[in-house]
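What follows is a short report on a single structure.
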Number of protein chains: 2
Amino acid sequence: MEPSPSPSILLRRAKLKVTPTRVALLRILASAKHPLSIAKIARALRQSADRVTLYRALDALAKAGIVRRIDLQHGHAHYELAQDDHHHLVCTSCGRTASIRLPHRLTVSPVTLRRTGFARVTRHALEFFGLCRSCAATAPRVSGRRN
Amino acid sequence: MEPSPSPSILLRRAKLKVTPTRVALLRILASAKHPLSIAKIARALRQSADRVTLYRALDALAKAGIVRRIDLQHGHAHYELAQDDHHHLVCTSCGRTASIRLPHRLTVSPVTLRRTGFARVTRHALEFFGLCRSCAATAPRVSGRRN
DNA sequence: ATATAAACGCAATATTGTTGCATTTACCTT
DNA sequence: AAGGTAAATGCAACAATATTGCGTTTATAT
């Protein structure tokens, strides 16, 4: 796990202004072990920033490739720093997540690309869903929203 | 491409009641070439069903494994019949989608499973994002919501 | 120091999805 | 075929998530 560059360096590289909100935001994401929901990020920022600013900042950071927006199928987006190439394993019962790596890189072959009329693939999203051990032990719930 | 069983057979198999709404819904999905948003499905049903019913029906069908809920990162869910094992290639500019197949099956190794504290994996979601040829030719747009 | 574009905060609004409850309906049993 | 029952539906209200416009503030290049 490489230490990722400091928030301000990341921001400057992307030609984004280095503002307190963005720095704090990136610090929060950097110290998180799992993808965070907007609600959790907002809580961590303790209303030092408006919701709208948060959305806009995450949007800008995602476009710059600094953060990744992830769908854990909880009904709202989650965000993490775009560091290494990993994927997520999500418990559909309690929402727990774990990071995993695949032994091979996921690619779309040039032939498939041509057949489908696409010019190029820029990224992909892969999540695995299942049950963690403790949830598998108890009666599996199915519903509800989790962070 | 195998012809999929009729809506009523699918529903009966899953011990779900065969109602006009569900049959119509499944027919719409069966004739769709791409995953559909709730909005599009609702439009196709021409308010013969309440929106709530639609949500509940899709939920039941997804739980039964008859339909799949897909995130194309347009900010809302898309649905398709759960037929064969394919994935999607999505144009981030115009929203076009194409179906693709991977040469290998995606799995999580038992070792990884144990290391992460998970009991089992039940499904996964994989989408590729990129640019289709016509969008790659023109100036790439970035924003906006598409169906 | 200052000009300028980017970022921000606030308010309003849109969109997506959910819940409770009374009514209707599919379908199983007889 | 009739009737009982749980499932499914519709309506209304609500909740959560996300977006837009606009006037003000701020980072940063000069």
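The sequence lines fix the lettering, A, B, ..., with proteins before strands; numbering per chain opens at 1.
If you take CG of B:Leu16 and C1' of C:dT25, they are 15 Å apart, rounded to a whole angstrom. Here the P atom of nucleotide D:dA16 and the NE2 atom of A:His78 are 15 Å apart, to the nearest Å. To the nearest angstrom, P of C:dA6 lies 15 Å from CG of A:Asp59. Put simply, NE2 on A:His76 is 14 Å from P on D:dT19, counting in whole angstrom units. Between B:Ile41 atom CD1 and C:dG17 atom P the separation is 11 Å, expressed in whole Å. B:Leu11 places its CG atom 15 Å from the P atom of D:dA7, with the value rounded to the nearest Å. For the pair A:Lys17 NZ and C:dT4 C1', the computed distance is 8 Å after rounding to whole Å. Going from atom NE2 of B:His74 over to atom C1' of D:dA18 covers 16 Å, rounded to whole Å.
Comparing B:Arg12 and B:Arg69 along DNA chain C, the residue whose closest nucleotide (by nearest heavy atom) sits nearer the 5' end is B:Arg69.
At least one donor-acceptor pair closer than 3.5 Å links the side chain of A:Arg22 to the backbone N or O of A:Lys17. A distance-only check finds no donor-acceptor pair linking the side chain of A:Ser99 to the backbone of A:His88 [under 3.5 Å]. Judged by distance alone, the side chain of A:Asp50 and the main-chain N or O of A:Val52 form a donor-acceptor pair under 3.5 Å.
For the residue pair B:His78 / B:Gln73, no side-chain donor-acceptor distance below 3.5 Å is found, with atom types taken as modelled. When only modelled atom types and interatomic distance are considered, A:His34 and A:Thr97 share a side-chain donor-acceptor pair under 3.5 Å.
To the nearest 0.5 Å, the span separating CG on B:Leu16 from CD1 on B:Ile66 amounts to 5.5 Å. The line from OG of A:Ser37 to OH of A:Tyr79 is 10.5 Å long, rounded to the nearest 0.5 Å. Separation of atoms CG (B:Asp59) and OG1 (B:Thr53) is listed at 12.5 Å; rounding is to 0.5 Å.
DNA chain D is contacted by B:Ala49, B:Asp50, B:Val52, B:Thr53, B:Arg56 of residues 49-57 of chain B, taking any non-hydrogen atom closer than 4.0 Å.
Across C:dT16, D:dA6, D:dT9, the shortest atom-to-atom separation from the side chain of B:Arg22 is found for D:dT9. Closest contact between the side chain of A:Ala77 and the listed nucleotides D:dT9, D:dA27, D:dA18 involves D:dA18. Picking from D:dA6, C:dG17, D:dT28 the nucleotide with the shortest atom distance to the side chain of A:Val18 gives D:dT28.
Taking five base pairs at each end of the helix from C:dA1-D:dT30 to C:dT30-D:dA1, the local helix axes there meet at an angle of 40°, rounded to 10°.
Both A:Leu81 and A:Leu54 belong to a common hydrophobic cluster when Ile, Leu, Val, Met, Phe, Trp and Tyr are linked at side-chain heavy-atom distances under 4.5 angstrom.
The phosphate of D:dT9 (OP1 or OP2) has a side-chain N or O of B:Thr19 nearer than 4.0 angstrom.
Among the heavy atoms of the strands, none lies under 4.0 Å from A:Ser8.
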